[in-house]
There are 2 protein chains.
Amino acid sequence: MNLQQLRYVFEVSRHGYNVSEAAESLFTSQPGVSKQIRLLEEELGFEIFERHGKRLVGITEPGRQVLAIAERVLRDVDNLRQVGEEFTNESRGRLSIATTHTQARYALPKVVQEFLRRYPAVRLELHQGSPRQVCEMVLSGEADVAIATEAIADYDDLVMLPCYQWNRCVIAPQKHPILQAKPLTLEEIARWPIITYDSAFTGRSQINKAFLGRGLKPNVVLTAIDSDVIKTYVGMGLGIGIVARMAYDPLADKGLGMLDAAHLFETSTTRIGILRNAWLRGYVYAFIELFAPHLPRRMVELALAGGGSDPGL
Amino acid sequence: MNLQQLRYVFEVSRHGYNVSEAAESLFTSQPGVSKQIRLLEEELGFEIFERHGKRLVGITEPGRQVLAIAERVLRDVDNLRQVGEEFTNESRGRLSIATTHTQARYALPKVVQEFLRRYPAVRLELHQGSPRQVCEMVLSGEADVAIATEAIADYDDLVMLPCYQWNRCVIAPQKHPILQAKPLTLEEIARWPIITYDSAFTGRSQINKAFLGRGLKPNVVLTAIDSDVIKTYVGMGLGIGIVARMAYDPLADKGLGMLDAAHLFETSTTRIGILRNAWLRGYVYAFIELFAPHLPRRMVELALAGGGSDPGL
DNA sequence: GATAGTTACGGTAGTCGTAACTATC
DNA sequence: GATAGTTACGACTACCGTAACTATC
């Protein structure tokens with residue numbers, strides 16, 4: 001058994017059991033891949049892949065187990081290389097962050113600025129996507145960390161660490177009557193056309209839940225994945241907006257009024273997600289601590305090694 | 001990088017940084033090991049081992065990280081072989097259980113009997129030791145599962161699953177006056193010489209705690225690791241015994257009387273411990289379920305993959 | 001007939017073992 | 001001087017690539 005064989009198995013299954021394609025992506029010959037897989041199967045004593053004659057068409061049950069373990073091994077080998085990078089080039093490297101618009105636009109700028117000041121030689125990459133996509137990016141190795149609020153509880157291979165809590169506010173054009181409402185109620189909000197987040201995003205489910213709990217049917221006329229888009233349409237008078245509190249900036253959003261709505265919706269928790277058995281560069285820990293000061297390196301390591309997905313914060 | 005190199009690193013560190021010894025244990029030549037380690041170090045870009053001139057004397061900080069990952073990889077490779085065994089020889093194999101005397105003698109017999117009936121081709125091995133030793137055996141790969149009650153919370157690499165709860169009883173010679181005490185109190189117990197478990201064992205700390213909580217100083221005249229030894233001395237009139245409730249058998253222990261003491265001590269939880277990222281043979285899951293029916297395969301797998309050490313039971 | 005995988009075979013690289021050498025204790 | 005590790009070198013193995021062959025769709 002050797003690492004190459006595991007790599008081959010992984011790549012073949014990743015390419016839909018097409019050996020030729022896998023070989024190409026590995027910059028090697030098809031017969032080589034074929035043979036090595038045969039050898040591994042011989043050594044283990046069973047077939048990893050299902051075959052119709054010569055063609056590979058699927059994976060066997062034991063093969064599935066092999067694949068799972070192989071993936072972990074390959075990830076670990078990658079981790080070893082990372083260790084190398086870390087100790088030869090402590091302060092240079094790449095940090096790839098996958099996150100949602102709201103985080104990228106309102107929560108991260110300060111953190112990123114400070115991070116770049118401290119680690120000028122680290123190339124920072126910001127990827128955007130839905131909470132789901134963001135998690136997939138980490139799972140696929142495309143990103144190192146995910147930052148999102150929703151739908152990121154159900155990945156076994158991700159460790160999710162709570163970073164901060166936040167709630168929503170209602171925004172409306174300056175002279176809109178809702179700005180006089182005190183206290184602000186869900187009933188009042190439900191009277192107006194609403195512009196808010198797309199259903200896959202940024203705690204949108206909390207919003208639905210709140211209205212549902214009161215038997216209200218909010219009139220959502222427009223959804224977006226982007227707080228700025230929402231603000232734009234609110235400014236145009238198309239409706240009132242429900243956005244993350246941190247997305248309202250009294251200076252930048254002079255044309256809009258804001259009412260805090262923390263008492264109306266459940267708080268949302270934004271979490272950071274990392275691959276369970278990843279080995280992280282020093283500056284990744286630094287970034288996490290900048291973003292969530294209550295998560296120093298030791299806490300994160302603990303969560304990675306032992307842990308449940310929520311170290312009881 | 002290849003698996004052999006990782007194996008070499010692991011073995012060298014295991015043999016106190018003695019390359020020659022490591023080579024011998026790997027049935028290969030010393031220069032080969034030396035060279036491969038050099039090659040790996042070269043590839044990673046740093047030294048894994050600390051050297052005084054040519055002699056290896058320790059491990060560097062990055063080396064420590066490499067070693068940790070290497071261990072995981074090697075364990076996974078082993079897991080792969082296990083998968084092979086499992087699917088080619090589903091019902092034959094070896095199951096090595098490390099446990100304490102009390103479990104082996106009073107909790108396991110029925111389970112073992114049933115297990116052997118169902119898996120006649122599995123060679124069962126029972127190892128005994130203190131809770132600590134038992135855990136070490138699993139960590140070193142000597143045993144597959146650990147079963148114990150105490151001191152097994154603080155191993156990061158072990159997943160501990162609660163199996164059953166139990167408490168203690170007081171035993172004494174048939175005519176001993178304490179047998180008339182009702183209700184039985186700690187104060188009453190403290191009046192007599194006590195024979196009970198050694199301090200490293202079987203929930204002994206719960207006993208200490210109970211007396212301490214009442215400001216009592218129990219007169220422990222003799223400790224043992226073995227319920228049968230305790231019963232023997234109690235039978236000889238050397239004192240009263242505090243043993244696990246399940247260790248008293250009215251038939252076998254005719255000469256002794258028993259008073260339940262569940263109301264005096266905190267209950268103890270016996271747990272089963274397995275290596276966090278182990279791949280387990282099917283019959284290991286079967287054994288666990290026989291021992292703790294509330295832990296079917298799926299629960300155990302869940303705990304192994306994701307989980308905290310205590311899946312909230 | 002086109003696409004996909006296996007068998008066959010030769011070249012090459014890398015690993016292993018022995019032997020000679022060098023350094024540490 | 002004894003023990004431990006490195007360098008040097010030769011043998012062998014096993015992996016890779018090309019080419020020819022075979023099977024599936």
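Order of the sequence lines fixes the chain letters, A, B, ..., with proteins taken first and strands second; residue numbering starts at 1 for each chain. Just so we're clear, the structure is a prediction, and the values are computed from it rather than from any experiment.
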Contact check, side chains of A/Y17 and A/V57, non-hydrogen atoms, under 4.5 Å: no

Proximal nucleotide (of C/dT3, D/dG17, C/dC16) relative to the A/R55 side chain: C/dT3

Test log, rule side chain to side chain donor-acceptor pair (under 3.5 Å), inputs B/Y155 and B/R132: CA-CA 10 Å; B/Y155 290 93; B/R132 260 232 130 66; 3.2 Å; yes

Whole-Å gap separating C1' (D/dA14) and CD (A/E43): 13 Å

Trace of the side chain to side chain donor-acceptor pair (under 3.5 Å) decision for A/Q128 with A/T99: CA-CA 5 Å; A/Q128 285 188 32; A/T99 185; over 6 Å; no

side-chain N/O A/N2 vs D/dA14 OP1/OP2, d < 4.0 Å: no

Whole-Å distance separating the CZ atom of A/R38 from the C1' atom of D/dC16: 19 Å

Within the 6.0 Å centroid threshold, strictly below: A/F287 and A/Y283: no

Integer-rounded Å distance: C/dA23 P and B/Q30 CD: 16 Å

Flag side-chain contact, heavy atom, 4.5 Å: B/V145 against B/V284: yes

Candidate nucleotides D/dG5, C/dG5, D/dC16, ranked by approach to the side chain of A/N18 - the nearest: C/dG5

Watson-Crick and G-U pairing of DNA chain C written in dot-bracket, each distance under 3.5 angstrom, with | for inter-strand partners: |||||||||||||||||||||||||

Presence of B/Q36 side-chain N/O under 4.0 Å of C/dG14 phosphate oxygens OP1/OP2: no

Length of the line joining B/L39:CG and C/dA13:C1', which is rounded to integer Å: 13 Å

Under 4.0 angstrom between B/S20 side-chain N/O and D/dG5 OP1 or OP2: yes

Sidechain N-carboxylate O distance under 4.0 Å for B/R7, B/E11: no

Under 4.0 angstrom between B/Y8 side-chain N/O and C/dT15 OP1 or OP2: no

Atom-pair distance (NE2 on B/H52; P on C/dT24), nearest Å: 10 Å

Sugar-phosphate, base or nothing in reach of B/G53, heavy atoms under 4.0 Å: sugar-phosphate

Integer-rounded Å distance: C/dG5 P and A/H15 NE2: 12 Å

Carboxylate-amine/guanidinium proximity below 4.0 Å for B/D157 and B/R276: no

Closest-nucleotide 5' rank along DNA chain D - winner of A/P31 and B/K54: B/K54

Value in whole Å for how far the P atom of C/dT15 lies from CG of A/L3: 12 Å

Residues B/E142 and B/S96: side-chain donor-acceptor under 3.5 angstrom: no

Sugar-phosphate only, base, or nothing, as touched by A/F49 at under 4.0 Å among non-hydrogen atoms: nothing

Separation of atom NZ in B/K35 from atom C1' in C/dC21, rounded to whole Å: 16 Å

Closest to side chain of B/S29, choosing from C/dG17, D/dA23, D/dC16: C/dG17

Nucleotide nearest B/Q4 when distance is taken to its side chain, options C/dC16, C/dA23, C/dT7: C/dC16

